[in-house]
Amino acid sequence: MPWSAKRIALAGLAVVLVAGAGAAYGAYEYKRQERVKSEAAALTGGDPDQAPQLISRYGCGGCHTIPGLRGANGLVGPPLQKFAGRVYIGGVLPNRPDNLVRWIVNPRALSSRTAMPRTGISEAEARHVAAYLLTLR
């Protein structure tokens, strides 16, 4: 059955509406992600955009699976997806920005039983990593 001009116009309208909805959602999601990053930066004093290279430099992805980071697929430590929603850090500290920075810098000072090593990351660098982890919702 051949398509009528009316059916072709309706199909075209449907395509436009779907594309428009997709674009609107994309803009909404971009703004949401920027808001989450801004909140994480304010909470930690760090910049989540600086974290990927630090996470790579300090080898965090060798032990943890970290969403959004290529090669961060370690299976030694816990996966870090949805980290911002966790209640505890390492099972011992309330998940607060100040505790997270302290944990990243020197986890064994906070829990002698943790397998997580001290990597040599500075407090300033840990703030960037903490900001990134707090964007994982």
Side-chain angles (χ1 to χ4, degrees):
M1 166 200 257
W3 282 50
S4 67
K6 184 176 180 179
R7 286 178 75 186
I8 292 171
L10 286 174
L13 178 61
V15 168
V16 168
L17 289 174
V18 169
Y25 178 76
Y28 164 80
E29 185 60 22
Y30 175 79
K31 287 180 182 179
R32 186 192 70 77
Q33 289 174 353
E34 289 301 306
R35 180 180 45 78
V36 167
K37 284 170 47 173
S38 179
E39 289 170 2
L43 288 170
T44 62
D47 178 357
D49 291 333
Q50 290 190 37
Q53 68 256 32
L54 294 168
I55 288 169
S56 177
R57 181 185 319 153
Y58 289 101
C60 307
C63 291
H64 297 281
T65 297
I66 307 169
L69 301 182
R70 193 170 170 191
N73 52 10
L75 299 174
V76 177
L80 300 179
Q81 75 267 11
K82 297 186 180 182
F83 186 87
R86 295 196 182 172
V87 176
Y88 290 102
I89 300 164
V92 296
L93 292 170
N95 189 1
R96 297 189 331 237
D98 59 329
N99 284 340
L100 181 54
V101 171
R102 290 173 46 222
W103 178 265
I104 293 167
V105 171
N106 190 0
R108 290 188 177 163
L110 303 169
S111 174
S112 62
R113 298 186 66 195
T114 185
M116 186 166 160
R118 186 171 189 168
T119 63
I121 193 169
S122 71
E123 182 177 330
E125 293 168 323
R127 290 182 179 285
H128 301 314
V129 173
Y132 182 83
L133 293 176
L134 292 176
T135 68
L136 301 178
R137 298 181 176 187

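- Every residue two or more places apart in sequence or in another chain was checked for a side chain to side chain contact (heavy atoms under 4.5 Å, CB included) with S38, and none qualifies.
- Listed by chain and residue number, nothing satisfies the side chain to side chain contact (heavy atoms under 4.5 Å, CB included) test with K31 (two or more places apart in sequence, or in another chain).
- Partners of R70 under the side chain to side chain contact (heavy atoms under 4.5 Å, CB included) rule, at least two apart in sequence or in another chain, do not exist in this structure.
- Hydrophobic clustering keeps V105 apart from V129 (ILVMFWY residues linked when any side-chain heavy atoms are closer than 4.5 Å, directly or through intermediates).
- Interatomic distance, L110 CG to I89 CD1, rounded to the nearest 0.5 Å: 8.5 Å.
- Taken from OH in Y30 to CZ in R35, the straight-line distance is 13.5 Å, to the nearest 0.5 Å.
- With hydrophobic clusters built from ILVMFWY side chains whose heavy atoms lie under 4.5 angstrom apart, L69 shares a cluster with L80.
- Screening residues 128-137 for side chain to side chain donor-acceptor pair (under 3.5 Å), with sequence neighbours left out, gives E39-R137, Q50-H128.
- A 4.5 Å side-chain heavy-atom check between H64 and P78 finds at least one atom pair inside the cut-off.
- Taking D49 as the reference, K37 meet the side chain to side chain donor-acceptor pair (under 3.5 Å) condition, with sequence neighbours excluded.
- Nearest heavy atom pair, residue I104 against residue A130, reads CD1-N, 3.8 Å.
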Side-chain donor-acceptor contacts of residues 53-60 below 3.5 Å, not counting sequence neighbours, with atom names and distances?
from	atom 1	to	atom 2	distance (Å)
R57	NH1	E125	OE2	3.0
Y58	OH	E125	OE1	2.6
Y58	OH	E125	OE2	3.2

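- Grouping Ile, Leu, Val, Met, Phe, Trp and Tyr residues whose side-chain heavy atoms lie under 4.5 Å apart, directly or via other members, leaves V76 alone, with no other cluster members.
- For P48 against A41, the heavy-atom pair with the smallest separation is CD-CB, 4.2 Å.
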Atom pairs and distances, donor-acceptor, side-chain atoms in residues 93-101, under 3.5 Å, two or more places apart:
from	atom 1	to	atom 2	distance (Å)
N95	ND2	F83	O	3.0
N95	ND2	R86	O	3.1
R96	NE	D98	OD1	3.1
R96	NH2	D98	OD1	3.4
R96	NH2	D98	OD2	2.9
N99	OD1	R102	NH1	2.8
N99	ND2	P94	O	3.0

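- Screening residues 111-120 for side chain to side chain donor-acceptor pair (under 3.5 Å) gives no qualifying pairs among residues at least two apart or on separate chains.
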